[in-house]
There are 2 protein chains.
Amino acid sequence: MSNIYEIAKKVGLSPSTVARALSGRGYCSEESRKKVLEAAKEVNYSPTHAAKTLKSKRTNKILFCIPDIYNPFYFGMIKGANDVLEKYGYYTLLCYTKHNIEEELKMIEALREKYGDGMIFVSFNFCEKNISAVNASKMPVVLTNRYDSPRGEDYFDYVYIDTYKGVQLATRHLVDQGHRKIAFIGGNLEEQTSFERYSGWKDELINSGLDPDDSLVYEGDYTIDSGYACAEKIVKSSNVPTGIVAANDLMAIGFIRYCGDNGIKIPHDFAVAGMDNTDFSSVLKLTSVDMRQEEIGLNAASLLMERVLGGRTYKKTIRIEPRLVVRESSITNK
Amino acid sequence: MSNIYEIAKKVGLSPSTVARALSGRGYCSEESRKKVLEAAKEVNYSPTHAAKTLKSKRTNKILFCIPDIYNPFYFGMIKGANDVLEKYGYYTLLCYTKHNIEEELKMIEALREKYGDGMIFVSFNFCEKNISAVNASKMPVVLTNRYDSPRGEDYFDYVYIDTYKGVQLATRHLVDQGHRKIAFIGGNLEEQTSFERYSGWKDELINSGLDPDDSLVYEGDYTIDSGYACAEKIVKSSNVPTGIVAANDLMAIGFIRYCGDNGIKIPHDFAVAGMDNTDFSSVLKLTSVDMRQEEIGLNAASLLMERVLGGRTYKKTIRIEPRLVVRESSITNK
DNA sequence: TTGAAAGCGCTAACAC
DNA sequence: GTGTTAGCGCTTTCAA
């Protein structure tokens, strides 16, 4: 298309004067500036991102990797981060990684190639593979989960919600409602976050003097459908609980949906608690743990900017407290 | 960090040979190639995106602008597009524009600066402002809505679902169920899509010999909350309908939620139909119009690739037919 | 098969 | 206040 040389020729000035006029940096007379801007408009000029970046080493873009856009949970996080990044003149580009490590690695590679100045990285499965890629990139990265390498040689920050504590809150709440048999619908326990949530359930039952029976643990994949499938298994099992803690709202919704389809009453037959406290949990009157997504995003973006603009190089971490929001789905004795 | 010169020095070859070895294009002996790749690994090399782009004029990235990530509606579209783009080795970067034209213009500007090779552009409000920016960019763009400039000088494609027809399907269905007073919960009628949907309702009532009374039109903003608010207005109005057509599922959900909160029975008191046919509509047994999001995304990506890779320059458009999915919320006489 | 060299379009230090 | 110039890191043509 058009470039500064074309404009320079048009107005009879040198390319550097044109660059100065356009950028606003460096000396340039009012008269020249006016001519340049006019010519730029005429030839429909806009700077080439790649050329700018190659020189300035700045893209003013942040990559935001999320495993799952369909899950309303991430909305708050994105909003929180976006609000901060916008203030610094940064654009947020979302990368949908589909819970897939290959996709994550692709985006880490894009970061490494300096397609963005930094990355906010959400994943359900931080592991040796993606973390070492993050470290190798040597680029500013903030995780939205807890992760510390064994050898403590991490180049990233993290801000995390204490999900372990969150599941404990939900579990304790059901215990307090008088439930003695409380099932847990979680995800793949080999994934870090899933394991944490599972542990919260288990430990809280132990704290309460109850038995965290493994036959009460059901594995879903954080979708409505998997919650639905677990519900069927639970109802038809030989060890039917009275309380249900689901590791996210979608699975809780799936559970409730199965009950609706089969004449089972919530909270009469099952007291149900989910996690994430999305708008949908309020529609369905679902007791849920507020994971304070917006604060996570906000803090993540702030940490990132400290590295990108402030040049901080040491690791910083932030912990955020979850909150329980009680609604009808768990109130048995009313 | 590291570049091809560093590698060249390390292995005692020229930068151009290193470049050939790395890219796989051009001649290079097996031996040299091996040495280069090894050295590259050693110095933790990865190419600089900006430099590559500056030469090659290719980013291998597509920008995907969506007004609202919180709305599950877009999930299918993104998935459909992503599946196609992936096959071509392209990355999809999502840009969340918050229903905000300023954000849209920012992303169009990023495209214009060639931050990506093309753009899929979703908006509820295609207008002179954003369309002329799209045209001015002269970059490959596909809209997911119908839009033709009066003067027919468009540089973009579009693929659209016939929402007008969709609302007609929903409206006709309620008419067929015997309803005579059917309200419409829509969005801001100044937005093109909102107006189309409104027209579908209006025209179908007229086709059915009914009166499209303006007092039966309620304005929301496509959120659950606005559906809830409209429900309250509808219930308390002096002209209470028996059928409700909502311009999307979220507003229908809001409507249903209000009813739930106030002892009003669906479908007994109101027959409700929404649009988008998301997973949530099936949870709530909501009759809804399937907008075939995945096909939209798929077709949009294909059109885009025809321009980006195939060099097509003339305009192409694709129309997709909606489908009505009937569920309990609208079946009055069962 | 390899290397030299000329850019891609912009920035910024430096000289005028 | 303006112009010259030397890159940024890669690609690619052309000559060797």
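Just so it is clear, the values below take in all heavy atoms, side chains as well, and ignore hydrogens, waters and symmetry mates. It should be emphasised that the depicted structure is a prediction, and the values quoted were computed from it without experimental measurement.
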Discussion item. Under the criterion ring-ring contact (aromatic ring centres under 6.0 Å, His included), I'd like the reasoning laid out for A:Y158 against A:F121: C-alpha separation, chi angles, the key distance, then a yes or no.
Written reply: CA-CA 9 Å; A:Y158 62 74; A:F121 188 9; over 10 Å; no
Worksheet item: If you measure from the Lys or Arg side-chain nitrogens to the Asp or Glu carboxylate oxygens, is any gap between A:R33 and A:E30 under 4.0 Å?
Response: yes
Worksheet item: Is the shortest side-chain N to carboxylate O distance from B:E109 to B:R112 below 4.0 Å?
Response: yes
Item to complete: Would you indicate what A:S32 reaches in the nucleic acid, counting non-hydrogen atoms under 4.0 angstrom: base, sugar-phosphate, or nothing?
Response: sugar-phosphate
[X] [atom1] to [N] [atom2]: how many Å, rounded?
{"X": "B:K57", "N": "D:dC10", "atom1": "NZ", "atom2": "P", "answer": "17 Å"}
{"X": "B:N60", "N": "D:dC10", "atom1": "CG", "atom2": "P", "answer": "16 Å"}
{"X": "B:N3", "N": "D:dC8", "atom1": "CG", "atom2": "P", "answer": "8 Å"}
{"X": "A:I4", "N": "C:dA12", "atom1": "CD1", "atom2": "C1'", "answer": "11 Å"}
{"X": "B:K52", "N": "D:dC8", "atom1": "NZ", "atom2": "C1'", "answer": "16 Å"}
{"X": "A:R58", "N": "D:dC8", "atom1": "CZ", "atom2": "P", "answer": "18 Å"}
{"X": "A:E31", "N": "D:dT2", "atom1": "CD", "atom2": "C1'", "answer": "13 Å"}
{"X": "A:E113", "N": "D:dT11", "atom1": "CD", "atom2": "P", "answer": "10 Å"}

Fill in: Geometric class of the A:H99/A:Y222 ring pair [parallel <30°, tilted 30-60°, perpendicular >60°]
parallel
Worksheet item: Given Watson-Crick or G-U pairs with both distances under 3.5 Å, what dot-bracket string fits DNA chain C, with | for other-strand pairs and [ ] for crossing?
Response: ||||||||||||||||
Per the atom types in the model, does the base of [N] pair as donor or acceptor with the side chain of [X] at under 3.5 Å?
{"X": "A:S16", "N": "D:dG3", "value": "yes"}
{"X": "A:K55", "N": "C:dG9", "value": "no"}
{"X": "B:Y5", "N": "D:dC8", "value": "no"}

Worksheet item: Nearest to the side chain of B:P47 - D:dT12, C:dC10, D:dC10?
Response: D:dC10
Discussion item. Of the listed nucleotides (C:dG3, D:dT2, C:dC10), which one gets closest to any side-chain atom of A:L13?
Written reply: D:dT2
[atom1]/[X]: more than 12 non-hydrogen atoms of other groups inside 6.0 Å:
{"X": "A:K61", "atom1": "NZ", "result": "yes"}
{"X": "A:E86", "atom1": "CD", "result": "yes"}
{"X": "A:Y147", "atom1": "OH", "result": "yes"}

Worksheet, complete the sentence: For A:Y90, the ring pair (Phe, Tyr, Trp, His ring centres under 6.0 Å) test, sequence neighbours excluded, returns none
Tell me whether the side-chain N/O atoms of [X] come closer than 4.0 Å to OP1 or OP2 in [N].
{"X": "A:S23", "N": "C:dT11", "value": "no"}
{"X": "A:T17", "N": "D:dG3", "value": "yes"}
{"X": "A:T48", "N": "C:dG9", "value": "no"}

Worksheet entry | Positive for side chain to side chain donor-acceptor pair (under 3.5 Å) with B:D157, one of B:K315, B:R312, B:K316 | B:R312
Can you name the atoms? Protein N/O to nucleotides 14-16 of chain C N/O, anything below 3.5 Å, with the distance.
none

Discussion item. Taking the nucleotide of DNA chain C with the nearest heavy atom to each, does B:L54 or B:R33 sit closer to the 5' end?
Written reply: B:R33
Discussion item. Any heavy-atom pair between the side chains of B:M305 and B:I62 that's under 4.5 Å?
Written reply: yes
